[in-house]
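So that the names make sense, note that chain A is the first sequence line, chain B the second, and so on, each numbered from 1. Reckoned from all heavy atoms, side chains included, excluding hydrogens, waters and symmetry mates. Quick caveat, the model's predicted, so the values are computed rather than measured.
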2 protein chains.
Amino acid sequence: MSKQPKYRQVADALRREIDNGDYPPGSRLPSESELSARFSASRNTVRAGLNLLVTEGLVSSSQGLGYEVRKHEVFELNASRFENLSFPQSGDSYSTDVTNAGRRPRQTFRVEMTPAPGYVAERLNVEPGSTSVLRFCHRFVDDVPWSTQATHYPEWLVAKGPRLTEPGDIEEGTTRYLASLGVEQVGYFDEIATRMPTPDEARLLEIGAGVPVLLWTRVGYSGEQAIRCTVTTFRGDLNRMNYEIGDLSARSENEPQ
Amino acid sequence: MSKQPKYRQVADALRREIDNGDYPPGSRLPSESELSARFSASRNTVRAGLNLLVTEGLVSSSQGLGYEVRKHEVFELNASRFENLSFPQSGDSYSTDVTNAGRRPRQTFRVEMTPAPGYVAERLNVEPGSTSVLRFCHRFVDDVPWSTQATHYPEWLVAKGPRLTEPGDIEEGTTRYLASLGVEQVGYFDEIATRMPTPDEARLLEIGAGVPVLLWTRVGYSGEQAIRCTVTTFRGDLNRMNYEIGDLSARSENEPQ
DNA sequence: TAGTGGTCTAGACCACCTC
DNA sequence: AGGTGGTCTAGACCACTAC
């Protein structure tokens, strides 16, 4: 073992004490000056150590209040059932999911015509920069920013389904609306990635340092044609996704062996 | 617009220049002292700005070398096909996938008997702390640490399949071996989450600051029984997962509309 | 050897929160 | 008012990389 720099010793000691339960989730750490005395280090050095814990997502800090141990409450989203073709739902599946979990959903919504970003154009199989309809949701659970969702529809589809450009919600859901026009989604291609948020994302989702985002890109197909590309950006500390594959009908959830 | 602190101005300016292509991926940023002169700020302030970019995953730094703009090369893993029940593969699916991509796979491997961690016990439906077999892989692509994979099997299954405890690879694959004993995996339950790496994970995967991990937990079922729990920890900057749902057989991948 | 980033200090002043 | 974290400085010394 090589000698660790002092700020790492500070971080390691505090991390151990947090893992150990000395500082449970939601509790406050000692102040910088107390830690400075305890570790015989300058305030700056202690700050460097605390900053490590912040970027690890273990604690958060706020001016005038101190450092708090993060609590993690996770919302799980079933991506196989979500909008599943065999489980048709009425209305907005996000709102029903959240309400079923006993939480209060809220969302802001807007529609705009916009050139398709390269990433989206590629997946919709249209020319980069060609016009697309963007339907954008900013979603909250109990007034905490939870995720953003941006769905792009290609121009040719708007000709068939002009209501896609309507600024308000589509009552029966866009999937159902398109199906009523004979454009039925028969399959999805999902991509999942993670990275640190851009400054814009950090602002929209009120993410502090040390929290990554979970990116979920879903392309919906009707036969050979891609008809939509939905990019959902989740706060990584609050969300988890799951998929069911194959036959899980017999699965028992409770009694241990 | 409120006035930003100086170290944020430094970060914002450099971020804009990076996005703008002034510093392409793989290139080096000016040295701290040069930036210090350019922004009329102390070296410490410039360092605070650069540290922001590091924790955002945009640049990395190394002693004696300077700050380098990260390049992102992503490996995509198809989780619906991977070990898919209808697409049986011979041998190790990881190695074949990587080789098919024209890269060189390498892995270290070990087996141990160990108490099942709470997280795993819950998913295997066994008592927390009861014995399980852990088969652990540390995987590299072209000698870059890529992921770790820990598969736990419950004790009762080892009685049926004693070769699970063999320290070496199982030639035909564990899935196939278990099937030959009448324990066939008929379905999976996948969970996907993200967070910042623990210090241990950061060491194993050689992750610097600003790179989250992607956690993939797969529980395999044979009828009502959970027979394995596999936790894969990916470097978030190098990996992406995808799932295919429904009927994508007609999907066209190339010609724009 | 020269230049780079890594660590550390001591002290100053500001902004925010609680009482 | 007093305590908390947030910002910033000037300077010192160390460790690593390149030449």
Side-chain angles (χ1 to χ4, degrees), chain A residues 1-14 18 23 26-70 199 202-203 206-211, chain B residues 1-14 18 23 26-70 199 202-203 206-211:
Chain A
M1 279 300 170
S2 60
K3 187 184 181 303
Q4 288 275 70
K6 202 184 276 189
Y7 78 96
R8 283 193 183 277
Q9 295 176 25
V10 171
D12 290 345
L14 291 172
I18 290 170
Y23 302 106
S27 67
R28 272 191 41 197
L29 258 41
S31 71
E32 292 179 349
S33 49
E34 286 178 272
L35 293 171
S36 175
R38 169 177 164 195
F39 291 102
S40 313
S42 78
R43 189 180 155 221
N44 280 344
T45 299
V46 167
R47 280 179 64 80
L50 287 165
N51 187 51
L52 249 191
L53 300 184
V54 169
T55 60
E56 285 172 10
L58 241 142
V59 307
S60 63
S61 70
S62 31
Q63 222 172 25
L65 285 175
Y67 291 82
E68 180 172 318
V69 180
R70 272 225 167 83
R203 193 174 36 78
E206 288 173 24
I207 296 184
V211 179
Chain B
M1 281 299 167
S2 60
K3 186 184 181 302
Q4 288 275 68
K6 202 185 277 188
Y7 77 96
R8 284 193 182 278
Q9 296 177 26
V10 171
D12 290 346
L14 291 173
I18 290 170
Y23 302 106
S27 67
R28 274 192 41 198
L29 259 41
S31 72
E32 293 180 348
S33 50
E34 287 178 272
L35 293 170
S36 175
R38 169 177 165 194
F39 290 103
S40 313
S42 78
R43 188 179 154 221
N44 280 343
T45 300
V46 167
R47 280 179 64 79
L50 287 165
N51 187 50
L52 250 191
L53 300 184
V54 169
T55 60
E56 286 172 8
L58 247 158
V59 305
S60 62
S61 70
S62 28
Q63 222 172 24
L65 286 175
Y67 290 82
E68 181 172 317
V69 181
R70 273 225 169 83
R203 195 174 35 79
E206 288 173 23
I207 297 184
V211 179

Under a cut-off of 3.5 Å for both distances of each Watson-Crick or G-U pair, what dot-bracket string does DNA chain D give, using [ ] for crossing pairs and | for inter-strand pairs? ||||||||||||||||||.
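Rounded to an integer number of Å, the gap from L50(A) CG to dG6(D) C1' is 13 Å. Nucleotide dT18(C) holds its P atom 12 Å from the CD atom of E68(A), rounded to whole Å. The nearest whole Å value for the distance from the OH atom in Y67(A) to the P atom in dT4(D) is 12 Å.
For dG5(D), the OP1/OP2 oxygens have no side-chain nitrogen or oxygen of S61(A) closer than 4.0 Å. The phosphate of dC16(D) has neither OP1 nor OP2 within less than 4.0 Å of any side-chain N or O from S62(B).
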What's the verdict on side-chain contact (heavy atoms from CB on, under 4.5 Å) for L29(B) and L50(B), showing C-alpha distance, side-chain angles and the deciding distance? CA-CA 10 Å; L29(B) 259 41; L50(B) 287 165; 3.9 Å; yes
For Y7(A) and N51(A), what are the C-alpha separation, side-chain angles and deciding distance, and is it a side-chain contact (heavy atoms from CB on, under 4.5 Å)? CA-CA 9 Å; Y7(A) 78 96; N51(A) 187 51; over 6 Å; no
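Of the possible polar contacts, one joining the S36(B) side chain to the A41(B) backbone as a donor-acceptor pair under 3.5 Å is found. Checking side-chain atoms of K6(B) against main-chain N and O of S40(B) turns up a donor-acceptor pair under 3.5 Å. Between the R8(A) side chain and the L52(A) main chain, no donor and acceptor come within less than 3.5 Å of each other.
Between E56(A) and R70(A), the closest side-chain pair of non-hydrogen atoms is not below 4.5 Å.
The two residues G49(A) and A11(A) have their closest heavy-atom pair at O-CB, 3.6 Å. Nearest heavy-atom pair, Q9(A) versus Q4(A), reported as atom, atom and distance to 0.1 Å: NE2-O, 2.9 Å.
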Hey, what are the protein-to-nucleotides 14-17 of chain C N/O distances that come in under 3.5 Å?
unit_1: dC16(C); atom_1: O4'; unit_2: Q63(A); atom_2: OE1; d: 3.2

Atom pairs under 3.5 Å, N or O on each side, protein against nucleotides 7-9 of chain D: can you list them with distances?
unit_1: dT7(D); atom_1: OP1; unit_2: Y7(B); atom_2: OH; d: 3.0
unit_1: dT7(D); atom_1: OP2; unit_2: Y7(B); atom_2: OH; d: 2.9
unit_1: dC8(D); atom_1: OP1; unit_2: K6(B); atom_2: N; d: 2.6
unit_1: dC8(D); atom_1: OP2; unit_2: K6(B); atom_2: N; d: 3.1
unit_1: dC8(D); atom_1: OP2; unit_2: Y7(B); atom_2: N; d: 3.1
unit_1: dT9(D); atom_1: OP1; unit_2: K6(B); atom_2: NZ; d: 2.9
unit_1: dT9(D); atom_1: OP2; unit_2: S42(B); atom_2: N; d: 2.9
unit_1: dT9(D); atom_1: OP2; unit_2: S42(B); atom_2: OG; d: 3.1
unit_1: dT9(D); atom_1: OP2; unit_2: T45(B); atom_2: OG1; d: 2.4

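The side-chain contact (heavy atoms from CB on, under 4.5 Å) test with L53(B) is passed by exactly one of D12(B), L14(B), V69(B), V10(B): L14(B).
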